*Asks:* 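Please read through the structure below; I'll follow up with questions.
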Amino acid sequence: MPTYQELARDSGLDRPDIHALFHHLGGYNRAFLITHGDEAADPAFAERFTALAARRRAGEPVAYLLGEKEFYSLTFQVGPGVLIPRPETELLVDLALERLPQGGALVDLGTGSGIIALTIAHERPDATVTALDVSAAALEIARANASRLAPQVRVLQSDWYSALGHEQFAVIVSNPPYIEQDDPHLQQGDLRFEPRSALTDEADGLVHIRSIINGARPRLLAGGWLLFEHGFDQGLAARDLLEAAGFDQVQTWQDIAGMDRVSGGLALA
Ligand code: GLN
């Protein structure tokens with residue numbers, strides 16, 4: 001039986017991936033390879049580690065191998081049916097939290113694993129939060145996350161606004177599929193394994209953003225905000241669309257990397 005150190009070295013993985021798999025499979029912390037590295041590995045551990053390491057070498061995202069990803073200090077279940085949470089999406093959560101009035105209603109369009117809706121509901125138990133997605137696979141994961149993190153959230157199947165009645169919201173948020181169909185990033189890294197329909201509109205990247213903007217006004221209360229994430233080069237287009245739809249205080253915010261990442265506007269009465 002190889003030692004833990006040999007298992008790690010022979011895996012060909014980089015240190016962060018090795019630590020993530022060691023922690024996931026054995027509960028071992030980062031010091032384990034230093035303190036126990038020269039011990040013979042537990043056979044069951046070795047078998048499971050070797051299998052996951054092979055999948056990782058073939059490119060599968062770590063988050064899918066672990067079945068979870070951290071976002072806004074909460075742990076979310078994830079799988080191949082949903083986009084992997086990205087740290088830049090925390091900006092959208094912060095902007096929504098700042099604008100959501102006490103007891104206000106918020107809807108998250110295309111909730112995926114539920115990170116936006118559930119984080120906001122977790123932070124703000126006073127709010128009435130609705131999470132929508134068209135994908136049955138996503139809804140299953142969003143519901144599992146909701147039951148653990150924010151069971152008060154209503155999770156519904158909906159093609160953008162289609163399942164909503166006449167209710168109105170103080171805040172509408174979305175991180176829609178905004179990548180252009182021929183963007184080479186779709187063929188790289190984790191994105192190769194994520195649902196294509198969560199990443200791209202199979203067009204110019206603005207199709208879903210247009211749908212969301214054009215349907216927003218009647219669903220917003222006076223003084224309500226529409227806020228959505230977009231690509232680093234879509235800020236100007238997003239603001240133009242918001243202005244054309246009659247939004248006030250139209251603006252774009254930058255993420256931690258200094259990139260245009262979220263745009264939004266206020267609906268006057
Ligand atoms: N709202 C989810 C997230 O931000 C899913 C987004 C998506 O699938 N485009 O991760």
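All ligand and atom numbering here is 1-based and tracks the order in the structure. What's counted below: heavy atoms across the whole structure, side chains too, no hydrogens, waters or symmetry copies. Given the structure is predicted, the values throughout are model-derived calculations rather than measurements.
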*Asks:* So is I115 polar-close to ligand 1, meaning N/O to N/O under 3.5 Å?
*Replies:* no
*Asks:* For G110, counting its heavy atoms only, list the atoms of ligand 1 lying under 4.0 Å from any of them.
*Replies:*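 Those atoms are 1 (N), 2 (C), 5 (C), 6 (C).
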*Asks:* One thing to verify: whether R48 and D42 come together as a salt bridge, which I'm taking to mean a side-chain N less than 4.0 angstrom from a carboxylate O.
*Replies:*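 Answer for the salt bridge query: no.
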*Asks:* Counting heavy atoms only, which of L109, V78, L83, T111 is nearest atom 2 (C) of ligand 1?
*Replies:* T111
*Asks:* Is the shortest side-chain N to carboxylate O distance from K69 to E194 below 4.0 Å?
*Replies:*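 No, K69 and E194 are not salt-bridged.
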*Asks:* Considering both backbone and side-chain atoms of A198, is one of its nitrogen or oxygen atoms within less than 3.5 Å of a nitrogen or oxygen in ligand 1?
*Replies:*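 In this structure, A198 places an N or O atom under 3.5 Å from an N or O of ligand 1.
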*Asks:* Is the side chain of Q168 donor-acceptor paired with the backbone N or O of P218 at a distance under 3.5 Å, no angle test?
*Replies:* yes
*Asks:* Which word best sums up how the rings of F22 and F32 line up, parallel for under 30°, tilted for 30 to 60°, or perpendicular for over 60°?
*Replies:*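 Rings of F22 and F32: tilted, 30 to 60°.
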*Asks:* Does E68 pair with R148 as a salt bridge, N-O distance under 4.0 Å?
*Replies:* no
*Asks:* N/O to N/O below 3.5 Å, does that happen between N175 and ligand 1?
*Replies:*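 N/O-N/O distance below 3.5 Å exists for this pair.
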*Asks:* So which bit of I116 gets within less than 4.0 Å of ligand 1, heavy atoms only: side chain, backbone, both or neither?
*Replies:* side chain
